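See structure below.
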Protein chains: 2
Amino acid sequence: MVKITDVARHAGVSPSTVSYALSGKRPISQMTRQRIESSIRELGYRPHAGARALASSRSNVLALVVPLRAGIHVPVVMQFAVSVVTTARGHDHDVLLLTQEEGEEGLRRVADTALVDALIVMDVQLRDPRLPLLRSLDRPSVMIGFPQEPDGLTCIDLDFRAAGELCVERLARLGHRVMALVGSPPEVYVRETAFAQRVVQGFTAAADRNGMSSCVRPCEAAPGAARRVAERLLSEQPALTGVVVHNEAVLEPLIEAFEQLGLRVPGDLSVIAICPDELAESLRVPVTSVALPSAELGARAVELLTKKLDGTAVPEATLLPPRLTDRASTAPRNAS
Amino acid sequence: MVKITDVARHAGVSPSTVSYALSGKRPISQMTRQRIESSIRELGYRPHAGARALASSRSNVLALVVPLRAGIHVPVVMQFAVSVVTTARGHDHDVLLLTQEEGEEGLRRVADTALVDALIVMDVQLRDPRLPLLRSLDRPSVMIGFPQEPDGLTCIDLDFRAAGELCVERLARLGHRVMALVGSPPEVYVRETAFAQRVVQGFTAAADRNGMSSCVRPCEAAPGAARRVAERLLSEQPALTGVVVHNEAVLEPLIEAFEQLGLRVPGDLSVIAICPDELAESLRVPVTSVALPSAELGARAVELLTKKLDGTAVPEATLLPPRLTDRASTAPRNAS
DNA sequence: TTGAAAGCGCTAACAA
DNA sequence: TTGTTAGCGCTTTCAA
């Protein structure tokens, strides 16, 4: 194994000079820098990660905790993870993958052993048991999602409340007066996942504000669930002309169900989803949607974290504004 | 920070004794072990990962390289990753996540800096450019998938050839004589992904062996592609009664398309998929399928790797036998 | 602009 | 069964 002393000898300088040339933490003359660089190349030198971590108390590794639970759309998690890895690499960091399953002990372990410098935690609940722990750790963290008490923590997420409102506003502008929100599976609400509740709040508030009739229905991801929800909605709200869907798994089946029940999309029924753009674009009827920007969230989370590692102050809360793209599933309300 | 010398002093022993108590690499008397354990608990001691890695030349971290390309079913990758993390934790290892994008340089980097002890590489191509590198690294690796020349490498995968055969055999036993394979998107074949080709080989060989008429159609994941493939199949093979689908993205739309074209599943057409059980179970018509055992693959890959790290010899090739589950999409050929 | 040298916290060879 | 101690390869202070 080639070590820093080998490089130093080969370049005719001291080890510390090589170290500084590598880190840029002190000025190096043009000439020595070049000699060092060519020695490194010639010898194929790679600094030992463990030795570095020990001497500098920086591992240059971030922990990413991914959720596993029901009702979470897997491609969103994956895209987020990939974006975190890519962005982290751009900041000279690697990413250690942890599962929710490991729980608080897992977080404590990687932090206390100095395996990682900082943590990104996905799928934060309103009263997440990990919050006190994260506050007490000596390493910075960023949470995806907003808990009830975000004080002292750094959180980022799509502004789901505004997303819910934006959907309603768009439907309102198209003349729709009676609308429904088809949401996540019931268990998501039961475990108090903030983002699901925020959509409901935004949806309901905007509907009330616009004097519209509205209702909210959670929906399972199971095969027949979309159909049943569609049937119930139509029987309970015969005048329904606008539907907001916040549930990736049932978006397609739900539209199919409405059409099988005799409603044309968007002729009789306008549909807006809150989901990844890729999903909205891929359906037979491309769906007007508010994007779930997982890649951007991942990138931003890493940037917040690297700033915190650099000692730069960052805002406690970052809410990404919703962005709506019109596609083929929305139309003005039929005058008939 | 609490260090091993603190624990040693607190327990009235030497640091090495603490180290050995932790690693179990030499016998410790009952009494000292207990004293050490309670000191550790009392002080909240956690060994520093970097220091450990430096002194022992083991980081206890595995690298996992995940694919990003088109035609790869995201939930399969995610489930695999989760299974790798879970199993690795059971063997006292953590998992560093790398993307395909990082390429050979990424592999070399994490190996040469001793950031990881070993590597798991997914989505191996027939002539994968990473093979020579993996052979030359001083760290063990396991590949998911089989390249053309697996010599000197450790590979594991589902036996896709046998899976293709198994599907045909089941259809043959049900009396079907004319069948088609709807495969992955064309780009998957173009880039020579072994598993896709192996399914084709198994499918074709078994069909020939049984004197059946067969054809193979790649299929895009795009919205209308399933419908077009279904139409072409029916016009070109009017006697078609058995379809094998090896393409998660189009399984559902394909069945819908066949039904819209007037064919009942399984009344007129029997369908067998090669896909994750969860997907097969979740469709409106639960689909008879050969399971894609991503969780098992992940666990087995880690086990192979930890054995290699322990110096135990492991087989170069591991092929998991296909397992077929009968569901509602297959029936004996209609006698009419 | 550079060098010397003292650790960082742990493991494992050696010695007892 | 346990202790002593020499590193592991790097960073960073101090000194020049």
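Order of the sequence lines sets the chain letters (A, B, ...), proteins ahead of strands, with each chain counted from 1. No experiment lies behind these values; they were computed from the predicted model shown.
Judged by distance alone, the side chains of A:S19 and A:S16 never bring a donor and an acceptor atom under 3.5 Å apart.
A sub-4.0 Å separation between OP1 or OP2 of C:dT11 and a side-chain N or O of B:S56 is absent. For D:dT11, neither phosphate oxygen OP1 nor OP2 lies less than 4.0 angstrom from any side-chain nitrogen or oxygen of A:K25. Within the 4.0 Å cut-off from OP1 or OP2 of C:dC10, not a single side-chain nitrogen or oxygen of B:K3 is found.
If you check distances only, the side chain of A:R26 never reaches the base of D:dT12 with a donor-acceptor pair under 3.5 Å.
Backbone-only engagement by A:S29 is indicated by non-hydrogen atom pairs under 4.0 Å involving sugar-phosphate atoms exclusively. Note on B:S16: a base of the nucleic acid sits closer than 4.0 angstrom, heavy atoms only.
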Problem set entry | B:S14 and B:T17: CA distance, side-chain angles, deciding distance, side chain to side chain donor-acceptor pair (under 3.5 Å) verdict | CA-CA 5 Å; B:S14 78; B:T17 303; 3.1 Å; yes

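Here C:dA13 is the nucleotide among D:dC8, C:dA13, D:dT12 with the atom lying nearest to any side-chain atom of B:Y20. Nearest nucleotide to the side chain of A:S14, out of C:dG9, D:dT2, C:dG3: C:dG3. You'll find that the side chain of B:A55 is closest to D:dG7, out of D:dG7, C:dT2, D:dG9.
For the side-chain contact (heavy atoms from CB on, under 4.5 Å) with B:V18, the lone residue among B:T5, B:I4, B:T32 that qualifies is B:I4. For the side-chain contact (heavy atoms from CB on, under 4.5 Å) criterion with A:L62, the lone passing option out of A:L119, A:V302, A:L96 is A:V302. Tested against A:I72 for a side-chain contact (heavy atoms from CB on, under 4.5 Å), the candidates A:T193, A:V66, A:D123 yield a single pass: A:D123.
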Exercise. Just the dot-bracket of DNA chain C, please: which string comes out with Watson-Crick or G-U pairs under 3.5 Å, [ ] for crossing, | for another strand?
Worked result: ||||||||||||||||

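A salt bridge links A:D6 and A:R9; the closest N-O separation between the charged side-chain nitrogens and carboxylate oxygens is under 4.0 Å. Ion pair B:R46/A:E105 flagged as a salt bridge, since at least one NZ, NE, NH1 or NH2 atom sits closer than 4.0 Å to an Asp/Glu carboxylate oxygen. A salt bridge is defined here as a Lys NZ or Arg NE, NH1 or NH2 lying under 4.0 Å from an Asp or Glu carboxylate O, and B:R300 with B:E296 meets this definition.
Atom C1' of nucleotide D:dT1 and atom CD1 of B:I28 are separated by 8 Å, given to the nearest angstrom.
Within the 3.5 Å criterion, the main-chain N or O of A:V314 finds no donor-acceptor partner in the side chain of A:K308.
Within residues 30-49 of chain A, the residues having any heavy atom closer than 4.0 Å to DNA chain C are, in order of number, A:T32.
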